[in-house]
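Everything numeric here is computed off the predicted structure, so don't read it as measured data. Lettering follows sequence order; numbering is per chain, from 1.
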Amino acid sequence: MAGAPESIVDRLSDGGPDWLATQRKEALASWASQSMPTSKEEEWRYVDLDFDIDDYRPVDGAGDPLDIDEFSGAILATSGRATVVDGWPGDVEPGRVNLGTIERFLDLPSVTDRYGTAVDPAQSIFAAAQRALAPGGLVIHVPSGVAIDDPVVVDLQAVTPGSVSFPHVSIVMEENTEVSVVVISRSAPGIDVLHIPTIEAFVGDAGRLSLTTIQNHDRRAKSVANHKIVLGRDSTLKIGEVGLGAGYGRQRLAVDLNGAGASVQMNGVYFGDSDQVLDYRVFVTHRGPKTASNIFLKGAVQDQAQAVWTGLVRIESEAVGTSAFETNRNLVLSEGARVNSVPNLEILTDDLQCGHGSSSGPLEEEHLYYLMSRGLQKDRAERLLVRGFFEEMITKLPVKSLAGPSREAVNRKYGEAQREGRV
Amino acid sequence: MADRPALDVHNLKVSVGDVGILKGLDLTVPFGEVHAIMGPNGSGKSTLSHVLSGKSGYEVSGDVWLDGEPLLVMDVDQRARAGLMQAFQYPVQVPGVGLGSFVLEAGAAQGIAASDMNEKVSAAADAVGAGPFLERAINDGLSGGEKKRSEIFQIVALQPKVAILDEIDSGLDIDAVRDVADAVQALRGPGVGIVLITHYSRILEHVTPDRVHVMMDGTVVDTGGPELADELEEGGYQSIRNRLGLTSRAPDPGTTDEGSTPFDF
Ligand SMILES: Nc1ncnc2c1ncn2[C@@H]1O[C@H](COP(=O)(O)OP(=O)(O)O)[C@@H](O)[C@H]1O
Ligand SMILES: [Mg+2]
């Protein structure tokens with residue numbers, strides 16, 4: 001397609017509902033008032049972006065989809081599958097959930113009232129561009145009282161060289177519902193693309209959402225993800241993250257614990273190599289009383305890779321009886337690799353339990369000595385330790401069938417580096 | 001040859017920075033024998049064990065042979081594969097590495113066939129009550145006593161030529177001491193030399209050592225038969241110091257340990 005963003009917005013909105021056209025226009029205005037972030041801004045500290053949205057072209061339709069990958073292949077029983085290529089929803093295999101593009105849900109106020117509202121376009125130029133230029137997104141709607149075990153698998157693919165794409169996934173859960181969603185983001189091998197996905201989720205009272213995100217882009221891709229989840233009373237959220245990255249792979253995740261008794265548990269792994277930058281920004285806001293958060297990610301970097309993890313957990317004054325924990329542990333496996341790990345708690349009440357921890361460093365000499373003292377060769381002992389480091393998180397990933405491919409993916413990165421003498 | 005040495009240590013000197021820890025230690029342990037090393041805290045027993053295992057961070061001189069092979073030139077893992085392993089006094093917790101699968105790998109590293117190793121693992125686990133730990137990460141959440149069982153289990157399963165058991169009996173209740181002692185007895189045999197480091201004679205009630213070495217301030221100061229352990233039991237290290245006319249090590253400034261004056265013999 002191409003053309004100016006204004007004309008793209010007009011074309012996307014043509015024939016669609018007014019409220020969506022308005023959303024896009026407002027986002028467009030916000031976009032025009034913002035510029036590319038710099039590391040001087042708190043949220044973008046530690047990274048220097050060497051690209052611009054304008055370097056990439058929006059496309060007016062999906063390219064050829066990729067073959068199934070090892071992650072979606074590992075999930076045999078699903079409650080629905082959908083593929084989104086270059087931001088455009090393609091094949092949808094509905095299962096027990098209501099799964100389809102927004103056009104299918106225009107008569108459902110609980111969807112239309114919420115769709116596109118979670119992420120504020122003013123938050124960054126990427127958020128604004130995403131809201132302005134996302135084609136009609138994918139909606140997962142779970143009607144009141146419905147609980148579904150098997151995951152819904154969403155495969156976000158970027159396949160057209162030089163393109164910027166804006167996938168949008170909106171999860172709307174009514175009261176007392178349960179669903180598991182796996183979102184895989186990836187791109188065709190060897191191509192330079194910019195991927196700007198948003199997942200928004202609205203979890204109704206007593207809802208139970210399990211959300212697993214897998215970032216498995218090619219090293220030439222850039223990905224700037226902006227996700228937000230809003231939780232109602234007594235609802236629970238489990239998040240699993242597997243970050244294998246992109247050249248630059250950012251994930252900004254905001255979780256709002258709005259309802260009393262809401263909780264979030266996040267567990268994840270990431271592994272950066274070559275000159276990858278994996279950039280995690282996690283924001284948890286406790287608003288409801290008796291809310292709980294437990295965020296725990298483990299990552300490794302080697303070669304010249306960089307990992308950034310900033311966690312900001314804010315506990316509002318009305319969130320009494322809250323518990324909030326965040327931990328980030330990193331293995332730094334080569335001299336040239338680096339980590340910026342900054343956990344933060346902002347506490348406006350004194351009735352709470354909380355804690356945070358962060359560490360970054362090489363494999364422990366004492367551990368190596370122990371394993372080698374029973375006869376294991378050094379490289380083998382190192383592989384066991386790297387595997388063991390991640391294992392604690394891998395076993396906590398909410399979708400059990402993803403443990404295998406996740407474990408393999410992180411171990412493969414280290415094994416390859418060892419064989420090539422890079423670590 | 002009955003008294004072919006499994007382990008032979010000559011004039012071993014070890015220091016960390018300016019601090020001398022082992023000061024010319026000699027020790028010969030023939031195959032088929034159990035040698036107890038007894039010594040007060042700080043006399044260098046664990047340092048000896050770590051230096052024999054090849055831990056880094058020490059300046060080392062002297063000669064050590066493992067079944068006739070020079071040991072000190074080997075890396076940590078080579079020493080283990082050549083047949084020297086220790087049960088650690090303070091074993092670390094290794095997150096995410098399961099004990100059972102680790103020991104199977106260690107067996108494979110020694111070239112033991114998987115089916116044989118499986119058998120050795122279950123037999124050893126039964127013998128020392130380590131079965132419940134096999135599925136867990138190494139030492140993850142184990143009590144002090146359980147860690148000792150886990151350590152002796154590995155040694156029993158891997159059957160080294162030289163087993164260094166560093167305070168395998170400390171922190172154990174009576175029953176556990178008996179279990180561990182039984183394991184040591186079972187380990188005992190013509191193909192292995194055992195170094196049993198302890199500072200209590202408790203375990204020696206169950207495992208009668210062939211030789212007892214008393215270690216103080218970085219050297220072996222006395223060697224004898226099992227009766228030496230009895231002397232220690234009765235008179236403590238002071239009795240040995242008195243008999244040998246030794247002063248104890250210079251005290252740290254400010255300590256008032258009664259055995260620390262130069263006039264205590
Ligand atoms: N890495 C080290 N650096 C400095 N001093 C050490 C080190 N390891 C041991 N030591 C010192 O060496 C002495 C012997 O310690 P150790 O071998 O642990 O004794 P034991 O096992 O007999 O109680 C002690 O005084 C101890 O403080
Ligand atoms: Mg000791």
Where on L368(A) is there a heavy atom nearer than 4.5 Å to chain B: the side chain, the backbone, both, or neither? neither
Choice from S56(B), A106(B), G107(B), G98(B) maximising heavy atom contacts with chain A below 4.5 Å: A106(B)
Run the side-chain contact (heavy atoms from CB on, under 4.5 Å) test on H367(A) and Q93(B) for me, step by step, so that the C-alpha distance in whole Å, both residues' side-chain angles and the decisive distance to 0.1 Å come before the verdict. CA-CA 8 Å; H367(A) 293 164; Q93(B) 180 177 323; 5.8 Å; no
Around atom CD of E335(A), are there more than 12 heavy atoms of other residues, nucleotides or ligands at under 6.0 Å? no
Quick one: do E151(B) and R374(A) make a salt bridge, cutoff under 4.0 Å? yes
Between R383(A) and E105(B) (salt bridge meaning N to carboxylate O under 4.0 Å), is one present in this structure? no
Please name the pair of heavy atoms, one in V94(B) and one in L385(A), separated by the smallest distance, quoted to 0.1 Å. CG1-CD2, 3.4 Å
Are more than 12 heavy atoms from other residues, nucleotides or ligands located less than 6.0 Å from atom NZ of K13(B)? no
As an exercise: rank E366(A), E391(A), E364(A), E365(A) by heavy-atom pairs under 4.5 Å with chain B and give me the winner. E366(A)
In short, S373(A) meets A80(B) closest at the heavy-atom pair O-CB, 3.3 Å
K238(A) atom NZ, over 12 foreign heavy atoms within 6.0 Å: no
Please determine whether the number of non-hydrogen atoms from other residues, nucleotides or ligands lying under 6.0 Å from atom CD of E420(A) exceeds 12. yes
Walk me through it: do L384(A) and V97(B) pass the test side-chain contact (heavy atoms from CB on, under 4.5 Å)? CA-CA 7 Å; L384(A) 274 189; V97(B) 180; 4.1 Å; yes
Could you tell me whether the side chain of M372(A) reaches within less than 4.5 Å of the side chain of R81(B), counting heavy atoms only? no
Under 6.0 Å from the CZ atom of R136(B), do we count more than 12 heavy atoms belonging to anything else shown? yes
Is the NZ atom of K55(B) crowded by more than 12 outside heavy atoms at less than 6.0 Å? yes
Heavy-atom cut-off 4.5 Å, strictly under: side chain, backbone, both or neither for N139(B) against chain A? side chain
Could you check which of I138(B), I155(B), L158(B) has the highest count of heavy-atom pairs closer than 4.5 Å to chain A? I138(B)
Part of Y369(A) lying under 4.5 Å from any heavy atom of chain B: both
Which label fits F102(B) and Y370(A): parallel for a plane angle under 30°, tilted from 30 to 60°, or perpendicular past 60°? tilted
Around atom CZ of R387(A), are there more than 12 heavy atoms from other residues, nucleotides or ligands closer than 6.0 Å? no
Nearest 0.5 angstrom please: K378(A) NZ to D75(B) CG, how far? 9.0 Å
